[in-house]
Amino acid sequence: MEKYILKVNNLCKKYGNTMVLQEVSLSVPTGSIYGLIGGNGAGKTTLFRILAGRSRQTSGQVVLADANTEAEIIKERRNIGFMTETPALYPNLSVLENLYINQLQYCGKKDADSANEALELAGLYGQKQKKAKHLSLGMKQRLSLASALLHNPKLLILDEPSNGLDPMGIIAFRKLLLKLNADNNVSIIISSHILNELEHIATDYGFLHNGKLLKEISSSEISKSADSLEQYYEKVIEGQHS
Ligand code: ATP
């Protein structure tokens, strides 16, 4: 097994004249839950969209498992599940039908077994006949997660998945991610503004600030430093930790 499921080397992204990602390099260990922390506009969504193949970098390299060439990367991207910040759901279709649409778009055919399995994993099986518009916010997040899980990804990319969830929803979602990671060997990259939330699950962190990756560190290294994640992050942003 590869030591890193994903590596990013010197990635840059320019929108017009603005460089929103500047020489970003990071390594996501296989089996990890990697927390990408950054304030508004830091570049998290931009980075994730590039990783998932939804946008192209201006320069730099993405290495998935050991895929290096463009053709290998396209093939390896099939092992990625991407849950976006603002999931597109079809409100008048049922939960199950939403997944079918997703399968038709990405695989060209419906597959009831994998749709049901994804619903089971996302804890939404009991709601599969419900129309998407009648789901609570937490259930919508689960549906979005189920879509990302449809093709049994080895790597899940989650862009602020807890946005808008209530405390119980956050706890349930966190447990679900830990279970997927432990029982299904899914590596996870997750972005959030809520440090406290990541602290419960992440094994590794990257601190992205104004398009630059200021620091990459494991949670065990932070524990050794006597700082909490919040204190450590603050010091990195203030330039006290190199
Ligand atoms: P947030 O936490 O607020 O969601 P983020 O870290 O996900 O922020 P991005 O959405 O990646 O940040 O945005 C990074 C920068 O890129 C911002 O300055 C944003 O305005 C800019 N940006 C993002 N998408 C585009 C686009 N399509 N065209 C031009 N600028 C863009």
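Both ligands and their constituent atoms are indexed starting at 1 by order of listing. Because only heavy atoms are used, hydrogens play no part in the values below, and waters and symmetry mates are left out as well, while side chains stay in. Everything numeric in this text was worked out from a predicted model, so none of it was measured.
Listed by first and then second residue, the salt bridge (Lys or Arg N to Asp or Glu O under 4.0 Å) pairs involving residues 149-165 are Lys44-Glu160, Glu76-Lys154 (not counting sequence neighbours).
Of the N and O atoms on the side chains of Lys128 and Tyr125, at least one donor lies less than 3.5 Å from an acceptor on the other residue.
Here Glu120 pairs with nothing under the side-chain hydrogen bond (donor to acceptor under 3.5 Å, both in side chains) rule; sequence neighbours left out.
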May I have the list of side-chain donor-acceptor pairs in residues 132-140 shorter than 3.5 Å, sequence neighbours left out?
residue: Lys133; atom: NZ; partner: Asn92; partner atom: OD1; Å: 2.7
residue: Ser136; atom: OG; partner: Met139; partner atom: N; Å: 3.3

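For Gln61, the CD atom sits in a packed shell: over 12 heavy atoms of surrounding residues, nucleotides or ligands are nearer than 6.0 Å.
Residue-level contacts of ligand 1 at the 4.0 Å heavy-atom threshold are Tyr15, Val20, Gly39, Asn40, Gly41, Ala42, Gly43, Lys44, Thr45, Thr46, Glu85, Glu160, His193.
Shortest non-hydrogen contact noted between Ile80 and Pro153 is C-CB, 3.7 Å.
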